[in-house]
Amino acid sequence: MAEQIRAVRGMHDILPSDTGRWQWLEDRARALLARYGYREIRMPLVEPTGLFRRSIGEVTDIVEKEMYSFEDRGGEHLSLRPEGTASCVRAAIEHGLLSQPQRLWYLGPMFRRERPQRGRYRQFHQIGVEVFGLTGPDIDLEQILLTRRLWEALGLTDLHLELNSLGDLPERMRYREALVAYLETHREALDDDSQRRLSTNPLRVLDSKNPAVQELIAAAPSLLDYLGTEARAHFNTLCRGLERAGLEVRINPRLVRGLDYYNRTVFEWITDALGAQGTVCAGGRYDGLVEQLGGRATPAIGFAMGLERLLELSSPTPEEIADAPDLYLVAVGEQAEAQAVLFAEQVREQLPGWRLLCHSGGGSFKSQFKKADRSGARFALVLGDDELASGRISVKPLRGQADQQTLALAELSSYLNAQQPSTDIAST
Ligand code: ATP
Ligand code: MG
């Protein structure tokens, strides 16, 4: 046998047995985003590498270590997108979307060459949300409340919100000096990564996952003490809004996020159930990024959530996933088998809200019935040569004890509807 080729490490097939769960999650998120008036945008998976260097920042894990970058046959420097914000900003500028406020979302795969482990993959999926043209803090509040409502819709109860403000640039610069001065006095306690960041991007030291460094950070100066009047007012108003909405918040002055473009509000939704990969949703304000990427200065805020991590926390019921057929057409006899596909079309005409799987590949009555049962369908439709000759169809409920009935095709609809379909896909 020829050598087998396997999927790239850290990149996973999502099999039919799992896609029901994915669709369940995606459908709920889509419906919720529509309820808030957000509209979908779809960007390419590949962008000029410079886009990510300029937005995410040169001295970040993503740009330094994680991007899939390559030169294409025409010599262009391209990268698989590691996140969606930069692409979304690029698209919004390029197509002149920013002359008025925009509430946008996107869904799709992102690519980062990280060490694969539970909750961390090289191709993973995000739903991202970006709002342009609104200075907040009411829009900051709206986004956080939207995410809370999504957790509700997904039945997730053990997530908590961490919140911080990074202030505005001059404030962050003053804080940076104070942080560097503090860390310099403890330089010997920093690991190599943190020592390097100390000179290139000191705020990122706060991001360190090393316990020894974290201990040091706990006693470092707090960003929140450095906020100017406006940034502080923005933060306080947001906190008040969250409080009035009954949302419990953990203020975390060390929360800085791993990308360079954030200012003011930053937040993360975290669970304790996924170990080190506990952040399921993260975002913040990035008022400077549009201008930095060549657009007119436009305030912006967004967040992204990791779908693999959300799915790991979710337990949709079989009814909620419901991707089994409702009906399974069994055809026995030479004539019936030959007519089955066309007959199934007639049934689909009559029953647009029902999912019908038409058996193919022949086999005995018994073996077809076994397959019907295994498909999860609620009813078997039996087409034999007798039925064909009389223009009728037999129906056998596969769940419960009800008897088989033989009906005219025109009666099928009212018979089945009286049995209440488990999911009426025509109405969803
Ligand atoms: P982490 O600290 O876990 O590396 P991050 O700060 O790099 O996360 P973001 O860039 O903010 O993550 O992406 C937002 C969300 O996307 C994360 O909270 C997480 O749920 C998800 N995510 C990020 N990287 C991965 C990955 N490699 N595999 C799976 N999900 C991921
Ligand atoms: Mg990361």
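Both ligands and their constituent atoms are indexed starting at 1 by order of listing.
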Using a 4.0 Å heavy-atom cut-off, which part of [X] comes near ligand 1: side chain, backbone, both, or neither?
{"X": "Gln126", "result": "side chain"}
{"X": "Arg120", "result": "both"}
{"X": "Arg257", "result": "side chain"}
{"X": "Glu312", "result": "neither"}

Can you list the residues that meet the side chain to side chain contact (heavy atoms under 4.5 Å, CB included) rule with Asp158, with sequence neighbours excluded?
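Counting only residues at least two positions away or on another chain, Asp158 forms a side chain to side chain contact (heavy atoms under 4.5 Å, CB included) with Thr271, Ala273.
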Does at least one non-hydrogen atom of Glu66 fall below 4.0 angstrom from an atom of ligand 1?
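Heavy atoms of Glu66 never come under 4.0 Å of ligand 1.
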Would you say Glu308 touches ligand 1, if touching means a heavy atom closer than 4.0 Å?
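The answer is no: ligand 1 sits nowhere under 4.0 Å from a heavy atom of Glu308.
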With atoms numbered from 1 as shown, which atoms in ligand 1 lie under 4.0 angstrom from a non-hydrogen atom of [X]?
{"X": "Thr279", "answer": "17 (C), 18 (O), 19 (C), 20 (O)"}
{"X": "Ala304", "answer": "14 (C), 15 (C)"}
{"X": "Ala282", "answer": "11 (O)"}
{"X": "Val280", "answer": "18 (O), 20 (O)"}

Short N-O contact, [X] and [Y], less than 4.0 angstrom:
{"X": "Glu64", "Y": "Arg204", "result": "no"}
{"X": "Arg197", "Y": "Asp61", "result": "yes"}
{"X": "Arg348", "Y": "Glu345", "result": "yes"}

Ignoring hydrogens and angles, state whether a donor on the side chain of Gln123 or His12 is under 3.5 Å from an acceptor on the partner side chain.
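Looking only at side-chain atoms, His12 and Gln123 do not form any donor-acceptor pair under 3.5 Å.
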Please report whether ligand 1 has a polar contact with Arg112, defined as an N or O pair separated by less than 3.5 Å (distance criterion only).
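Yes, since at least one N or O of Arg112 sits under 3.5 Å from an N or O of ligand 1.
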If you draw a 6.0 Å radius around CZ in Arg35, do more than 12 non-hydrogen atoms from other residues or ligands fall strictly inside?
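Open: at most 12 neighbouring heavy atoms sit under 6.0 Å from CZ of Arg35.
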side-chain hydrogen bond (donor to acceptor under 3.5 Å, both in side chains) contacts in which one or both residues fall within residues 287-303, not counting sequence neighbours
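Non-adjacent pairs meeting side-chain hydrogen bond (donor to acceptor under 3.5 Å, both in side chains): Asn263-Asp287, Arg285-Asp287.
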Distance in Å, Leu216 CG paired with Tyr182 OH, rounded so as to fall on 0.5 Å steps:
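The CG atom of Leu216 sits 4.0 Å away from the OH atom of Tyr182.
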